[in-house]
Student: 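Supplied in structure tokens, the structure appears directly below.
Here is the naming used below: chain letters follow the sequence lines, and residue numbers restart at 1 for every chain.
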Amino acid sequence: MERYLEALDRCNDLESLEKIRIDVLGRKGFVTTAFEELKTLPNEEKRNRAKELNAFKELFTSRFQAKYQQLEDARLAAELQSQKIDLSLYEPRIETGGFHPIRLTMERIVDFFVAQNFSVEEGPIVENDFNNFEALNLPKYHPARDMQDTFYMNDGMLLRTHTSSVQIRTMLASKPPIRMIAPGVVCRRDYDATHVPMFHQVEGLVVDEEGRVSFAHLKAILVDFLTDMFEGVKVRFRPSFFPFTEPSAEVDISCIFCHGKGCRVCKQTGWLEVLGCGVVDPNVFAAVGYERVSGYAFGLGVERFAMLMYRVPDMRGFYEGDLRLLEQFS
Amino acid sequence: MMMTRCWLEEFVDLDGVTLEAIADALNRIGLEVAGMKRYQMPDRVVVGHVVACEKHPDADKLSVTRVDVGNEILQIVCGAANIAAGQRVAVALIGAILPGGLEIKRAKLRGVDSFGMICSAKELGLPDIGAGIMILDASIGDVALGTPLSAIPLFNDETIEVELTANRGDCLSILGMARELAAALDRPMVERSSFEDDEHSVGIGRILHIQSAADVTSSLIYRAIEGVPATLPLKHTLRLALVNESWRTPLEGFLIYAIHATGVILRAYRRSWFKSQDNDEKTVITIELHNGVDEVCRKVGSERSIASIIGISQLADTYPTKEDDVIILEASYTNPIALAMAQFEHRLESDALYYRSSRGSEVAIESGMDYLISDLRKNGIKLFAGAIKHLNAPMPRLLKITMSRLEQIVGMPLEKNSIVSILKKLSFDVTLSHSDDELFIGIPLFRHDIVNEHDIAEEIVRMYGIDHIPAAHLQCVVKKRTSPTWQRWQRERRLRERAVATGFSEAIHFIFTDKAMQQRYGFECVDEKLDIANPITAELDTLRTTLCLQLVDSVVRNVKNGYRRIALFEQGVIYDASREERRVVGFIWSGALEEAKLSNHGKPAQITFGDFIQKLAAIIGHVEIEEQRPLQPSFFHPYQYGLLRQEDEAIGFVGRLHPAVERDQDLPATYLAQLFADKLYMRTHYAQAISPYQKVKRDLTLITNPEISYARLRCAIDDVAPAELKSFYPIDRYQPDGGEVALTLRFEFQSDKKTFEESEITQMMQRVVEAAASVGAQIKS
């Protein structure tokens with residue numbers, strides 16, 4: 001019996017361990033054979049021998065278990081070791097595409113206003129004069145039409161110069177109260193280092209009963225909006241003029257590059273102009289046949305926001321499918 | 001609108017107000033400052049008198065001068081052509097450092113000593129006012145020789161540029177700006193004395209008769225002068241240069257100067273143009289209303305010639321010349337809206353002054369005429385006494401407003417007293433009513449832009465300061481606002497997210513493109529009658545009818561930038577021949593399928609048709625392909641092009657770029673697809689019951705002729721397929737030596753009622769084999 005225990009101690013691999021187990025506990029093993037021989041022994045001796053054998057079996061089994069665990073642990077450790085790889089080789093190469101910063105910006109803007117219970121509306125890019133100009137208090141002879149170089153079509157239609165035309169369409173198609181934004185493409189006949197003939201705007205319009213919507217309300221929503229888009233900025237309103245709003249204002253944020261100290265981007269003013277807004281001019285409501293209502297409207301250029309939000313230095317790459325720009329937005 | 005501080009000070013008291021404070025005030029009241037500039041004369045530049053001027057002995061172009069600078073007389077060599085004895089000039093003394101950095105030192109020019117430099121305006125950092133040195137004439141005032149230029153305000157002025165909005169025609173002058181500043185800074189306007197004629201002058205009535213029709217709408221004042229000024233004084237020249245105004249003749253310089261100062265439309269005519277041969281003593285000018293505008297005419301017999309259309313244009317032939325002895329001056333005002341409407345309706349050609357007159361020029365035309373003629377008289381021009389006036393001053397307009405309405409527009413309680421005081425500062429007449437809420441407001445004539453209570457609210461907002469208006473959240477009606485546009489927006493966003501995850505980058509291109517290019521490749525074009533009338537360039541002369549051309553262009557640019565795997569998509573609009581707008585999404589993949597990496601040993605495979613379709617399916621789900629000949633055979637590969645269908649509806653096309661185009665553009669294999677956005681994701685999907693029984697799969701290899709398309713085989717099997725055949729698809733294709741094709745298909749059977757017996761499967765497979773045989777595909781022996 002000692003012999004088996006010594007063999008167990010000396011054993012170094014799972015294979016010979018199994019052999020020892022069979023030698024001791026197998027069908028023809030030592031313990032099985034010894035128990036079978038018991039019946040040939042007299043009673044007293046039988047009892048002692050059985051006791052001895054049981055004790056041995058127990059001792060062997062527990063030593064075997066311990067040895068087995070030890071050898072199995074070692075085997076597993078060796079196996080795992082053999083599967084070691086250099087993880088640092090597997091940093092992925094990005095194979096997803098990139099979003100367009102203009103669309104990302106537009107989505108952020110739309111998400112903000114949808115969360116304020118605005119609806120999203122749209123209209124065609126090829127527009128008529130009424131929706132783009134006349135109804136917006138810009139009669140044909142109005143000198144302010146100079147502000148917007150317009151593409152005309154051979155049949156007298158035009159390419160909308162602002163998404164404000166969607167205001168008119170929406171008002172004509174529905175009844176107040178209205179709370180809408182209109183994201184979309186607009187075109188102006190201007191092409192140089194700082195102008196492109198097609199760009200994107202988001203227009204907003206709120207219409208409610210007469211006397212309910214004021215300049216103060218416009219101020220609140222735009223301050224909320226701009227501080228949501230550009231964290232930590234200050235917002236400034238400057239009186240201005242748009243034919244379709246009155247009173248009108250242009251809205252600036254404190255320069256996100258120099259924090260208002262003055263730099264090249266903000267032309268040393270510390271402020272960046274980001275949108276135009278105002279209380280809807282009564283002539284606009286008259287044009288769509290609305291009576292006894294009040295409202296505010298605002299409009300912004302998405303390209304400008306994209307350049308500020310994502311620090312895109314110039315517009316040139318925006319319309320050329322330039323992967324050098326796009327892959328930065330994957 | 002450009003102005004200078006000194007010029008403003010002729011109209012408003014700005015004593016002690018800094019340039020920054022002026023700019024702040026303007027910005028605050030809605031007059032956006034676009035730029036400011038300070039001019040500062042360098043030290044040691046003084047007024048000198050050229051006492052002698054002789055030719056340089058050794059240089060043709062140089063003069064040797066002796067210049068009295070007050071305490072000494074200096075010898076200075078000067079290269080300017082316009083130098084002459086007797087002039088007063090700006091002398092940079094030794095030690096002066098000019099704005100360009102030039103330090104004046106004692107010098108020897110061609111052997112002659114020079115002790116300073118006589119300067120041009122440009123050399124002193126002033127605007128360029130013409131070749132040669134700056135001659136200091138009487139307009140700089142009575143200053144002693146040796147006076148530093150830094151002590152003369154004209155040379156040390158400050159300019160402010162304001163970007164005016166189209167409604168503020170009244171601010172297109174120094175006077176208009178001064179009025180705004182007076183209100184914003186609470187400063188008094190400078191009293192200007194009215195013009196008094198000289199006692200001994202000949203009366204204008206002796207030489208001129210104005211015959212104006214009763215229906216003439218403009219206000220007009222005519223005066224006459226003798227001869228034209230020979231030169232424009234330095235003060236005028238310099239100020240006009242500071243405010244970017246140009247002029248051709250000295251008289252025109254005086255006119256533009258007075259227009260810029262007062263905002264009144266001023267014109268000058270030569271009297272001789274109006275003279276008929278037989279009437280030499282007295283000239284008759286006829287003014288008549290025609291087509292909604294007033295015309296200044298010469299009438300000789302039945303012949304009628306137009307000298308000018310008031311507020312719009314003037315015949316060049318009537319401009320005064322140096323030879324003219326009598327010049328007629330005209331100040332005018334016409335209602336800007338009537339003017340703009342008539343100009344638009346009759347397509348009248350307009351000149352530079354129309355910019356002012358159509359935005360509303362100054363109504364107080366006497367002020368403009370007085371400014372001009374007193375200026376001319378001061379500069380030695382003889383005037384005829386008196387003026388001929390045809391005044392049609394607009395009626396003062398009265399507006400009734402209520403405090404409660406103003407408060408509703410602005411959105412805060414307003415103090416009546418402060419409203420009255422703001423309006424009064426802006427020259428409005430305010431009358432209180434017996435009702436506490438009401439105000440009667442008389443609108444100053446120069447404020448064409450004020451017509452309703454919103455305009456008054458705007459005045460209050462800008463003068464009160466938007467900063468003082470509290471932000472207040474609107475209590476609004478919350479209602480369902482999930483518009484169809486919003487739903488589409490959501491669908492498109494999901495599609496874009498999938499496209500990006502699949503490897504495509506998002507492009508945006510102009511909706512314009514090159515018509516010739518579209519035509520060359522056989523794409524349809526927007527009907528000429530509906531196309532762009534005024535394109536900005538030849539390359540952007542039509543609305544696009546496809547995304548494909550621009551996607552290919554972008555791929556080409558990226559290849560040039562060194563990219564080997566280029567995948568782009570664009571969601572946008574295209575047009576058809578009848579200019580209907582259609583939302584589409586286009587995809588393009590060119591070159592490598594993957595980036596170079598360990599798993600492909602640095603040699604990524606090139607994209608194939610199968611890979612491209614797989615990418616599309618990852619974005620839009622299952623599609624069927626119907627092989628077709630492309631409509632643009634020179635743009636797409638003739639044998640790798642097809643329609644895409646989803647649930648039996650055509651959703652777009654897919655194809656490979658024609659290899660000839662690939663070669664021309666230096667592109668690797670390139671695949672494109674263009675889908676109609678409104679056809680995608682429109683269906684609602686309902687869940688199917690899940691069968692508790694296992695799927696059984698069987699593979700079958702068929703030997704077919706390569707001419708037999710898989711689509712035919714698929715149709716034949718579909719026709720006989722039992723409901724339990726859930727799907728089948730090709731998993732292997734083997735074609736040794738271009739001969740017959742061995743095509744292995746996998747079939748998946750599943751019942752929702754039971755587990756199949758082997759015999760049932762054999763039976764179903766037998767039907768498949770028979771169907772295959774019917775189109776010539778034999779089971780592999």
Student: Can you tell if the side chain of B:L543 reaches within under 4.5 Å of the side chain of A:M153, non-hydrogen atoms only?
Tutor: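 The answer is yes; the side chains approach within 4.5 Å.
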
Student: Between B:F569, B:F510, B:Y575, which has the largest tally of heavy atom pairs under 4.5 Å with chain A?
Tutor: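 Option with the top pair count is B:F510.
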
Student: Select, from B:G30, B:S483, B:A471, B:S505, the one with the greatest count of heavy-atom pairs under 4.5 Å involving chain A.
Tutor: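 Most heavy-atom pairs under 4.5 Å with chain A: B:S505.
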
Student: Which bit of A:Y90 comes within less than 4.5 Å of chain B, counting heavy atoms only: side chain, backbone, both or neither?
Tutor: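 The side chain, not the backbone.
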
Student: What is the minimum heavy-atom distance between B:Q571 and A:R103, and which atoms define it?
Tutor: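 Smallest interatomic distance, heavy atoms only, reads OE1-NH2, 3.0 Å.
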
Student: Name the region of A:M180, side chain, backbone, both or neither, that has any atom closer than 4.5 Å to a heavy atom of chain B.
Tutor: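 A:M180 has no heavy atom closer than 4.5 Å to chain B.
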
Student: So does A:H100 get a backbone contact from the side chain of B:E506, meaning a donor-acceptor N/O pair under 3.5 Å?
Tutor: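 Between the backbone of A:H100 and the side chain of B:E506 there is a qualifying donor-acceptor contact (under 3.5 Å).
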
Student: Hey, does A:P197 have a side-chain heavy atom less than 4.5 Å from the side chain of B:L540?
Tutor: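 Yes, side chains in contact.
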
Student: Where does A:D252 contact chain B at under 4.5 Å (heavy atoms): side chain, backbone, both or neither?
Tutor: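 No part of A:D252 comes within 4.5 Å of chain B.
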
Student: Measure the CD1-CD1 distance between B:I511 and A:I125 for me, rounded to the nearest 0.5 Å.
Tutor: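 The CD1 atom of A:I125 is 4.5 Å from CD1 of B:I511, to the nearest 0.5 Å.
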
Student: Relative to chain B, which segment of A:V223 carries a heavy atom at a distance below 4.5 Å: side chain, backbone, both, or neither?
Tutor: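 Contact with chain B is absent: no heavy atom of A:V223 under 4.5 Å.
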
Student: Please flag which part of B:I409 lies under 4.5 Å from any non-hydrogen atom of chain A: side chain, backbone, both or neither.
Tutor: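 Its backbone and side chain both get close to chain A.
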
Student: Using a 3.5 Å distance criterion without hydrogens, assess whether the side chain of B:N534 forms a donor-acceptor pair with backbone atoms of A:T150.
Tutor: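 Yes.
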
Student: Specify which of A:N283, A:N154, A:V120 makes the most heavy-atom pairs with chain B at under 4.5 Å.
Tutor: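 Most heavy-atom pairs within the cutoff with chain B belong to A:N154.
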
Student: I need the residue from A:V114, A:L325, A:L218 with the largest number of non-hydrogen atom pairs under 4.5 Å to chain B.
Tutor: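 Going by pairs under 4.5 Å, I would pick A:V114.
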
Student: Answer whether the closest heavy-atom distance between the side chains of A:L89 and B:L598 falls below 4.5 Å.
Tutor: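 Sidechains of B:L598 and A:L89: in contact.
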
Student: To the closest 0.5 Å, what do you measure between CZ (A:R93) and NZ (B:K597)?
Tutor: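 It comes to 8.5 Å.
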
Student: Measuring heavy-atom distances to chain A, does B:M412 have an atom under 4.5 Å in its side chain, in its backbone, in both, or in neither?
Tutor: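 No part of B:M412 comes within 4.5 Å of chain A.
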
Student: I need the minimum non-hydrogen distance between A:A249 and B:I466, along with the two atoms involved.
Tutor: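 Looking at all heavy atoms of both residues, the shortest contact is CB-CD1, 3.8 Å.
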
Student: Side chain, backbone, both or neither: which part of B:E581 has a non-hydrogen atom closer than 4.5 Å to chain A?
Tutor: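 It is the side chain, since no backbone atom gets that close.
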
Student: Could you look at B:P535 and say if it's the side chain, the backbone, both or neither that has a heavy atom under 4.5 Å from chain A?
Tutor: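 When you check distances to chain A, only backbone atoms of B:P535 fall under 4.5 Å.
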
Student: Begin from the C-alpha positions of A:F151 and B:I536 and carry the test side chain to side chain contact (heavy atoms under 4.5 Å, CB included) through to its verdict.
Tutor: CA-CA 8 Å; A:F151 283 109; B:I536 197 153; 4.0 Å; yes

Student: When only pairs under 4.5 Å are counted, which of B:G411, B:S404, B:G503 shares the most heavy-atom pairs with chain A?
Tutor: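 Ranked by heavy-atom pairs under 4.5 Å with chain A, first place is B:G503.
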
Student: At a heavy-atom separation under 4.5 Å, does A:I181 approach chain B through its side chain, its backbone, both, or neither?
Tutor: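 Interface part for A:I181: neither.
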
Student: Quick one: what part of A:L222 sits under 4.5 Å from any heavy atom of chain B, side chain, backbone, both or neither?
Tutor: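 Contact with chain B: none, neither part.
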
Student: Would you mind checking which part of A:S294 comes under 4.5 Å of any heavy atom in chain B, side chain (CB onward), backbone (N, CA, C, O), both or neither?
Tutor: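 Nothing of A:S294, per the 4.5 Å heavy-atom cut-off to chain B.
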
Student: Side chain, backbone, both or neither: which part of A:P183 has a non-hydrogen atom closer than 4.5 Å to chain B?
Tutor: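 It is the side chain, since no backbone atom gets that close.
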
Student: What distance separates B:N561 CG from A:R324 CZ, expressed to the nearest 0.5 Å?
Tutor: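 B:N561 atom CG to A:R324 atom CZ measures 3.5 Å (nearest 0.5 Å).
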
Student: Could you give all pairs that pass the side chain to side chain donor-acceptor pair (under 3.5 Å) test and reach residues 464-476 of chain B, with sequence neighbours left out?
Tutor: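 Counting only pairs at least two positions apart or across chains, the side chain to side chain donor-acceptor pair (under 3.5 Å) contacts touching residues 464-476 of chain B are A:D224-B:H473.
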
Student: Can you give me the closest heavy-atom contact between A:S119 and B:R481, atom names plus distance?
Tutor: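 Closest approach of A:S119 to B:R481, heavy atoms only: CB-O, 3.4 Å.
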
Student: So which of B:E32, B:R462, B:R28 actually passes side-chain contact (heavy atoms from CB on, under 4.5 Å) with A:R238?
Tutor: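 The single option meeting the side-chain contact (heavy atoms from CB on, under 4.5 Å) with A:R238 is B:E32.
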
Student: By a 4.5 Å heavy-atom criterion (distance strictly below it), what part of B:Q490 contacts chain A: side chain, backbone, both, or neither?
Tutor: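 No part of B:Q490 comes within 4.5 Å of chain A.
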
Student: Counting only non-hydrogen atoms closer than 4.5 Å, does B:V573 touch chain A with its backbone (N, CA, C, O), its side chain (CB onward), both, or neither?
Tutor: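 Answer is side chain: those atoms of B:V573 sit under 4.5 Å from chain A.
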
Student: Using 0.5 Å steps for rounding, measure from the CZ atom of A:R236 to the CG atom of B:N27.
Tutor: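 So the CZ of A:R236 and the CG of B:N27 are separated by 6.0 Å.
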
Student: Tell me, for A:V280 versus chain B, whether the close heavy atoms (under 4.5 Å) come from the side chain, the backbone, both or neither.
Tutor: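 Backbone only.
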
Student: Under the side chain to side chain contact (heavy atoms under 4.5 Å, CB included) criterion, do A:D155 and B:K529 qualify, and how do the steps go?
Tutor: CA-CA 6 Å; A:D155 63 344; B:K529 293 193 291 293; 6.0 Å; no

Student: For atom CD of B:E20, decide whether the heavy atoms of other residues, nucleotides or ligands shown that lie under 6.0 angstrom number more than 12.
Tutor: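 Enclosed.
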
Student: Does any part of the side chain of B:R557, heavy atoms only, come nearer than 4.5 Å to the side chain of A:D322, both counted from C-beta?
Tutor: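 No - every pair of side-chain heavy atoms lies 4.5 Å or more apart.
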
Student: Sort A:E107 into side chain, backbone, both or neither according to what part of it lies under 4.5 angstrom from a heavy atom of chain B.
Tutor: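 Its backbone and side chain both get close to chain B.
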
Student: Could you tell me the separation between the OG atom of A:S248 and the NE2 atom of B:H454, rounded to the nearest 0.5 Å?
Tutor: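 Rounded to the nearest 0.5 Å, the OG-NE2 separation comes out at 11.0 Å.
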
Student: Please give me the minimum heavy-atom distance between B:A340 and A:Y141, naming the atom from each residue.
Tutor: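 That would be O-CB, 3.4 Å.
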
Student: For residues B:L474 and A:R179, determine if any side-chain heavy atom of one lies less than 4.5 Å from a side-chain heavy atom of the other.
Tutor: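 Counting from C-beta outward, B:L474 and A:R179 do come under 4.5 Å.
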
Student: Name the option with the most non-hydrogen atom pairs under 4.5 Å to chain B; the candidates are A:L326, A:T269, A:N117.
Tutor: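 Maximum pair count with chain B is reached by A:N117.
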
Student: Out of B:V526, B:V500, B:V477, B:T537, which one racks up the most heavy-atom pairs below 4.5 Å with chain A?
Tutor: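 Among the listed options, the one with the most contacts to chain A is B:V500.
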
Student: Taking atom CD1 of B:I508 and atom CD of A:E303, what is their separation to the nearest 0.5 Å?
Tutor: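 Spacing of CD1 (B:I508) from CD (A:E303) equals 7.5 Å.
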
Student: Does any heavy atom of chain A fall under 4.5 Å from the side chain of B:Q487, the backbone, both, or neither of them?
Tutor: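 No part of it gets close to chain A.
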
Student: Highest number of heavy-atom pairs under 4.5 Å with chain B: which of A:K219, A:E122, A:E95?
Tutor: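 Most heavy-atom pairs within the cutoff with chain B belong to A:E95.
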
Student: If you define the side chain from C-beta out and look only at heavy atoms, does anything of B:V461 sit under 4.5 Å from A:V279?
Tutor: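 Of all side-chain heavy-atom pairs linking A:V279 with B:V461, none is under 4.5 Å.
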
Student: Backbone N or O of B:C476 within a donor-acceptor pair of the A:D208 side chain at under 3.5 Å?
Tutor: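 No; zero donor-acceptor contacts below 3.5 Å.
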
Student: Which bit of B:R579 comes within less than 4.5 Å of chain A, counting heavy atoms only: side chain, backbone, both or neither?
Tutor: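 Side chain of B:R579 only, per the 4.5 Å heavy-atom cut-off to chain A.
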
Student: Contact between A:M106 and B:W489 at the side-chain level, heavy atoms closer than 4.5 Å - yes or no?
Tutor: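 With C-beta onward as the side chain, the pair touches.
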
Student: Given side chain to side chain contact (heavy atoms under 4.5 Å, CB included), test B:R405 with A:E210 step by step and report yes or no.
Tutor: CA-CA 10 Å; B:R405 195 71 194 101; A:E210 184 171 37; 4.1 Å; yes

Student: Between B:S554, B:A533, B:A507, who has the most heavy-atom pairs with chain A when the cutoff is under 4.5 Å?
Tutor: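 The candidate making the most pairs under 4.5 Å is B:A533.
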
Student: For A:E209, is it the side chain, the backbone, both or neither that has a heavy atom under 4.5 Å from a heavy atom of chain B?
Tutor: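 It is neither, since no heavy atom gets under 4.5 Å.
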
Student: Would you mind checking which part of A:F318 comes under 4.5 Å of any heavy atom in chain B, side chain (CB onward), backbone (N, CA, C, O), both or neither?
Tutor: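 It is the backbone, since no side chain atom gets that close.
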
Student: So what's closer than 4.5 Å to chain A heavy atoms on B:Q343: side chain, backbone, both or neither?
Tutor: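 Neither; nothing under 4.5 Å.
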
Student: For the candidates B:Q550, B:K479, B:E594, B:R493, which exhibits the highest count of non-hydrogen atom pairs separated by less than 4.5 Å from chain A?
Tutor: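 With the most close heavy-atom pairs to chain A, the winner is B:R493.
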
